[in-house]
Structures are given as C-alpha cells and as structure tokens.
Amino acid sequence: MTDWISTTCMRCAVGCGHVQRAVDVGYGLDTVRGDPAHPVNRGLACQRGVNETANPKGKWLTQPLIRQNGELQKTTWDLALATIIEKFDDVLSRDRDGIAVLGSGQQTNEAAYALGKLARGGIGTQYYDANTTLCMASAVTAYYDAFGSDAPPPTYDDIPDAKRHVVWGANPAVAHPVMFRWIVDSADDEDSTMLVVDPVETETAEVADVHISLDPGGDLDLARAILAYAVEIGRVDEDFVGEATIGFDELCAGLPDPKTAADRAGVSFETVETLTAALGERTLIYWGMGVNQSNQGTDTAGALIDLCLATGNMGPGSGPFSLTGQANSMGTRVCSSKGSWPGHRDFEDPEERETVAETWEIPVERLPEDSGPGPVGTIEAIEDGSVEVVYAVATNPVAGMPDASDTAQNLEDAFLVVQDAFRTETTEFADIVLPAATWGESNGTAINMERTVSRVRPATALPSGVWTDLDIITTLGNALADDLFGDATAPESIFAEFAALTEGTLADCSGISYDRLEEDLAIRWPAPDTETSGGYRYYEDGDWSFPTPSGKARFVGGTGRRLPEPTDTDYPLTLTTAREADGYNTGVRSRESPDDPGPLVARVHPETINEHVDGERDDENTLVCIKSRRSSVRARIESDDTIQPGLVWLPIHHPATNKLTIPETDPRSDEPNLKQCAVQLTADRTVMKVAGGEHV
C-alpha cells in the first residue's frame, strides 16, 4: 500500500488541502480525500475536486506530437524541442513580439513564475498573458483603483463573522462548493442572511434568503442606485469615509437618481431599499464572473467596492471579496509577470525593472515596455501579422475565448505549440503538442483566493513520455535565452528565487519557504518574515493604511458604458453564460474527448420558447438553432423557469458556446464581455436527434 501524500486541490481557487495515494502498480492516483490537518478546509472537500483529481475523464497526452502532412504524429522529445527552438530562434532574430505566450491559473506558482520569466526576460515579448485577463482582470483593476494593490482585503476567517452575505454575479454553490458551505453556515445563524444578485435563479439563489433578479448588464446601475439611496437616507458611515477615504464628494456629485437607476437595472425600488438596509450590518460582498466578464466590469467591481467603503463595511467580518475562478489565478497574478512584476512590483517603474533584470541576469532592455493587450488582443495580433508563434501552456483558447471560431482560425494560421496534460480543442490546431504532468504528478505551490500559499505534491511517478510544466519551460528557457535558468531548475529553487524577488513588496512572500510550509502547511501573504502570516489587509489595531499616495482608500467607480451588443429585431434575445458543476476549466478533465463534448443544452424560460420556437416539441429532444452575429450552433432546449424571459442560458465551458460570444473587452482591464450578447432562437429541423453544439 502506498503512502498518503498531502497536497492542494487545483480544481478551483478555494485551495482545499487534500491527501492522495497512488495506485500500487503503474501510474495514477488510487484515492483522494480532504486533509483534516490543512488549515484552509480542515478535511472538507467537494466531490468534484476529488473526482477530477483522482479520475479525470479527459484523454491523456502521453507522448510529444508533431504535425506532418497535416496530421499530428508521435515524435520524440528531442525532435519536438529542437523544432520549437529552431522556430522560436528564427522569429526572435526578427521581432521579439512575434512570439506570444499564453499561461494559465492551472499551473503551480513555480511553473507560472518560470513561464513569465521566459516570456518577459527570455523572449522579451509584450504578448503574454497568464489567463487571469479572462476572469479576474476587472476585479484586479478595481482593487488597484480603490486600494493601490491587488487581492481581497477579507479572508475566509471573516465569513463566520459577517451578518449579511451579498453574492453578486457569482454561483459559489457550483463554482466553490466548500466556500459556499461556509457562507451557508454563517447565513443560517438566526440574525444572518444571504442575498443573491443574479439574472438567473442559480443554485446559490435557490437557498438564499433573498434573490434579486436584475436585467443582464444592470449590475452597475443597481450598485449606483444603492449608493445614491444610502446617501439620500443618511446610511453613509461618515466617520470611516472621513478618516480612511478620499473622493467621496466627487463621486456623490455624479450619482444618479436611485429610482431611475433601479429602473435601468430592471429591479423595483423596494429591492434597492432591501440591499441598502442589508449594508447597515456587517456585510461581505462577494462577486464573480457575472461582474468581471463585462465591458463595464472594472466600473462595476469598483462600484461594489464603493458600497463597502461608503457604508463602512471594511474590517473583520466585512468587505469586498472577489471570487477567483482558476485554482492558482492568484498565484499567476503574484508571480507570473503579467500586469506587474513578481510581488506586484510596478511594471513600468524603472527601478523595479532594474531589480527584475538584475535578479534574472538579463539586460533590462530585453524586458518589454508594454504589458500587452490580453488574450483577445493577442489573438487579433496573429491576424494582423504581428504574432507568428503562439506557445499555449495549460490553457484552451479555442474553447474559452470569445468568438471562438475566429480564435481557432487565427491559431491555425500561427505556428502553435500547446503544452497540456490532456487533449483539448486547442491541441487539434497545434503544430507541436507537449504532454505535461497534471496535479497529482506535480511538485510546487499554489495561492488560493484569500492569499494563502500551500504545497502541491506529487503522489505518483510520471510516465516516461511526460514532463512537468516546469521542466519543459526551464529547458526551453535555457536553450533560447543564454541559460536563463541555469542549474537552479528544481521547484524549491524556483520558489526561493520568486520569494526573494518579492521581498519588501505589497505581496511579500519572502518569509515563506518549503521548510516552513512543511511545518505550517499554509501561510497567507504578506509574509515578510518567518513568523508572519497575513490577515485582513490594510487594517491593524483599528488603524487603516492603504498603499496609495494619500494613504487612504479611493472612491473611483466609473459610470459605465452601453453593452456592446443590445438586442434588436433581428437578434431579440440575450445570451448569458455560466458554469456547470462538471464543466470547470473548459471541461478538459470532465469530458472524455474534444471529439464528443456532449450535447449543448440551452436553458430557456417556457414563455420564450413558446414565442420563438414554433411547432410541436419534445421536451427531451427538441433542437434549436441559436444564432449570433458571429456564428450559429445547435442545442437541445430545456424549459426552465429559473431563467428570465428573454434570456438564453448556455454553459460557458462547452466548446460550442463561445462561438457565439462577442470579443468586445473592458477598456481598462482588457477582460472580454463573455456574459451578454444578442442572439436569435429558432426551431431546428435539419436533424432528428440530439447534437453536440456543431455549426448549423
């Protein structure tokens, strides 16, 4: 019998501790369960995380592949790497921005740090993203606007102390089940409540005390209506606002009439009164992709932060808490060099750039001056000829990007290297496929959404044809960039370099080491010494201090902009997207093959079906055509009165869904508007059986 190995679940960003045990013979995991000793979850674990760790359904990649005569063929590591190095060297000789690198929140900190070092310090490209721009960039930008720093001020420790839990544009019952358990337990107290703001009656809304069903895209108007009403009736915490913030008077001068804003949001004024009253108690406001994935995501996230500041909902048991999607999205933000250098060092500050270049032992001129446009802009740069090569690591843009058909076409036109543990929609377009280790085979660390660092440990050996992400990245880095990593390529050495580079920064991890994690299991940054583990940010012994020029928090929420694609007579319905329980991270671990993603199921209110789908219907097998201005897909229709009339709900991680979505982005964060676009819905009579989201 093999030994139990402690690790961190890498399915979502809660960061639960697991223990796992390898099979007795061969490769793979036999058993996975929650770790009672881990301070984050103390033994709790969701079945989805356990199943996707122990027994993923995806088709494993076990040997490098190379495209020959139009087909992917098995090859050796030597030939695959030599081909990549030759192609990369050719492009680098002409233009460092000719290579784009796409990372992922599914990597360990060590792999993410190394990939950023390769992209920024080895290649020197501006076209690099760690996947966070697809999910968290709007929240990140809003945090910087308000506090001068990224990451939520609250932690999990604040959940039991909150009296009101406002869940806005998020569905933690599906996306973060263990965290949802904590929220429900707190809200079940006699004097506590949970309020959910979402156009759809989600699984979270079903158990809430109050569900506010606003119009899609009405979030900013509703948040502004609440603030305007709080000002009108004197619910502002004037002591906190005066002591710890700036910009409130300027913001108030531009607030709308609360009743008018409520109408624009599609809610009654009584709803505004209810939410305003809730903010009179200790309140945590949680938000997710329903807020962030919008062309006004930064403004809306900022407006939610404004609500917390204005009502004094800062400090233990309260505050603005963005819910991170991918397991190590926080880690990629801290260490991957996307929008800031490791430790959240300012990307444009000359002194910070010198520090990074000195640590990496490269000329500072090699570092790109621009942090890049995000994934949507990177894909567009292929089309205009700026980008010739794309290196995609643990990410699946053909399924996850908006206007996915156009994304696929652009990637087909580039020289595409895909590094993944499983076959995906994106590997089908690759010129080179590199098989990488997955969770139970990897060694490193991860950072969850509340800033807690913990270990990721392998419980099983690797098959001979598979390498770890870190080994692949450091091998390429040493070949392409004058021994960029040298001999210090072990996970512990890479983490030590990263941690040292964060010393003295806002996200200081210099007091964290593998030895300390062995003893303490989990440590929250900032951790500037070997004894410290961070708590609620910006607050100590009743005093507030923010890393802004004034030392105070800033009211900076914007006024928003029109949705990029409102409905009209040709496209009269609004498409909205969200997660399904078994469709996380584009479903690569829960679908058996990209060849058969299963049926695309559209949830639609019965009134909408009656109005737009004529003729006889079979509730189990009725097929519809869903068409946007970019593409058409077939789906099986499901009558569902939890969906607002006029909405079409599709699972965001089905590979057909994003053929429909629009590539419009938030101008501040570059995050795409994945949650709303205009569609039409008609009966489809071209086939007689359920189909899986193919083009019509």
Side-chain angles (χ1 to χ4, degrees), residues 138-150 152-154 166 168-169 197 214 217-265 267 269 271-273 275-280 283-285 287 291-292 294-315 318-322 537-539 544-562 666-669:
S138 294
V140 168
T141 306
Y143 278 140
Y144 271 110
D145 286 347
F147 306 132
S149 178
D150 176 25
V166 178
W168 197 309
V197 181
L214 76 173
D219 305 271
L220 181 57
D221 283 321
L222 178 54
R224 285 290 177 243
I226 297 165
L227 182 56
Y229 185 59
V231 172
E232 184 178 295
I233 65 173
R235 286 287 179 88
V236 173
D237 187 333
E238 295 182 0
D239 289 341
F240 176 81
V241 169
E243 171 195 348
T245 75
I246 60 172
F248 186 62
D249 290 341
E250 293 83 350
L251 177 60
C252 287
L255 288 176
D257 171 70
K259 292 184 179 179
T260 302
D263 287 341
R264 289 200 300 264
V267 302
F269 185 65
T271 293
V272 173
E273 293 177 313
L275 286 165
T276 305
L279 291 168
T283 302
L284 281 167
I285 298 181
W287 75 92
V291 168
N292 294 338
S294 166
N295 70 327
Q296 55 185 20
T298 298
D299 286 346
T300 305
L304 298 181
I305 295 171
D306 286 343
L307 288 178
C308 292
L309 293 174
T311 59
N313 274 296
M314 295 287 293
S318 63
F321 203 151
S322 63
R537 297 189 79 193
Y538 319 123
Y539 179 77
W544 291 96
S545 178
F546 299 90
T548 61
S550 67
K552 297 184 177 184
R554 300 176 289 211
F555 285 94
V556 291
T559 56
R561 56 195 54 80
R562 283 175 55 85
D666 182 302
R668 300 271 325 281
S669 69

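Just so it is clear, the values below take in all heavy atoms, side chains as well, and ignore hydrogens, waters and symmetry mates. Note that the coordinates shown come from a computational prediction; the quantities given were computed from them, not determined experimentally. The first residue in the sequence is number 1, and the count goes up from there.
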**OP:** For the pair Trp168 and Leu222, evaluate side-chain contact (heavy atoms from CB on, under 4.5 Å) and give the outcome as yes or no after the intermediate values.
**Re:** CA-CA 11 Å; Trp168 197 309; Leu222 178 54; 3.8 Å; yes
**OP:** Return yes if some donor-acceptor pair links the side-chain N/O of Gln296 with the main-chain N/O of Gly217 below 3.5 Å, else return no.
**Re:** yes
Original post:
Can you tell me how far the OG1 atom of Thr245 sits from the CG atom of Asp306, to the nearest 0.5 Å?
Top reply: 9.5 Å
Original post:
When you measure from the side chain of Ser669 to the backbone N and O of Val140, does any donor-acceptor pair fall under 3.5 Å?
Top reply: no
Subject >> Non-hydrogen side-chain atoms of Ile305 and Trp287 separated by less than 4.5 Å >> reply: yes
Subject >> Closest approach of Gly242 to Lys552 (non-hydrogen atoms, all atoms of both residues) >> reply: O-NZ, 3.7 Å
Original post:
Quick one: are Val241 and Phe555 in side-chain contact, heavy atoms under 4.5 Å?
Top reply: yes
**OP:** Take the angle between the ring planes of Tyr538 and Phe147 and call it parallel below 30°, perpendicular above 60°, tilted in between.
**Re:** tilted
Subject >> Heavy-atom donor-acceptor pair, Ser318 side chain to Gly315 backbone, under 3.5 Å >> reply: yes
**OP:** Nearest 0.5 Å please: distance from the CG atom of Asp150 over to the OG atom of Ser322.
**Re:** 7.5 Å
**OP:** Kindly indicate whether the side chain of Glu273, heavy atoms from C-beta on, has any atom under 4.5 Å from the side chain of Tyr229.
**Re:** yes
**OP:** Find the distance between CG (Leu227) and SG (Cys308) and round it off to the nearest 0.5 Å.
**Re:** 11.0 Å
Subject >> Distance (rounded to the nearest 0.5 Å) between Asp219 CG and Ser294 OG >> reply: 7.5 Å
Original post:
So how far is it from Met314 CE to Asp237 CG, rounded to the nearest 0.5 Å?
Top reply: 11.5 Å
**OP:** Answer yes or no: is there a donor N or O on one side and an acceptor on the other, between the side chain of Asn313 and the main chain of Thr283, under 3.5 Å?
**Re:** yes
Original post:
Would the number of heavy atoms belonging to other residues, nucleotides or ligands and lying under 6.0 Å from CD of Glu232 be above 12?
Top reply: yes
Subject >> Minimum heavy-atom distance Ala262-Val272, with the two atoms named >> reply: CB-CG2, 3.7 Å
Original post:
Can you tell if the side chain of Leu307 reaches within under 4.5 Å of the side chain of Ile285, non-hydrogen atoms only?
Top reply: yes
**OP:** Work out which heavy atom in Leu220 is nearest to a heavy atom in Ala303; give both atom names and the distance.
**Re:** CD1-CB, 3.6 Å
Original post:
Where the side chain of Arg235 meets the backbone of Gly280, is there a donor-acceptor pair that is under 3.5 Å apart?
Top reply: no
**OP:** May I ask you to test the Pro320-Leu304 pair for a side-chain heavy-atom distance under 4.5 Å?
**Re:** no
**OP:** Identify the heavy atoms of Ala139 and Ala301 that sit nearest to each other, and give their distance.
**Re:** CA-CB, 4.2 Å
Original post:
Would Leu251 and Arg224 count as a side-chain contact (heavy atoms from CB on, under 4.5 Å) if you check the C-alpha gap in whole Å, the side-chain angles of each, and the deciding distance to 0.1 Å?
Top reply: CA-CA 10 Å; Leu251 177 60; Arg224 285 290 177 243; 3.7 Å; yes
Original post:
Just how far is it from atom OG1 of Thr260 to atom CZ of Phe269, taken to the nearest 0.5 Å?
Top reply: 10.0 Å
Original post:
Which atom names give the shortest non-hydrogen contact between Arg537 and Pro152, and what distance separates them?
Top reply: CD-O, 3.8 Å
Original post:
Hey, does the side chain of Asp666 reach the backbone of Thr298 with a donor-acceptor pair shorter than 3.5 angstrom?
Top reply: yes
**OP:** Start with the C-alpha gap between Leu279 and Leu275, add the side-chain angles, then the distance that decides, and say whether side-chain contact (heavy atoms from CB on, under 4.5 Å) holds.
**Re:** CA-CA 6 Å; Leu279 291 168; Leu275 286 165; 5.7 Å; no
**OP:** Taking side chain to side chain contact (heavy atoms under 4.5 Å, CB included) as the test, write out the residues that go with Thr548, two or more places apart.
**Re:** Phe546, Ser550, Arg554
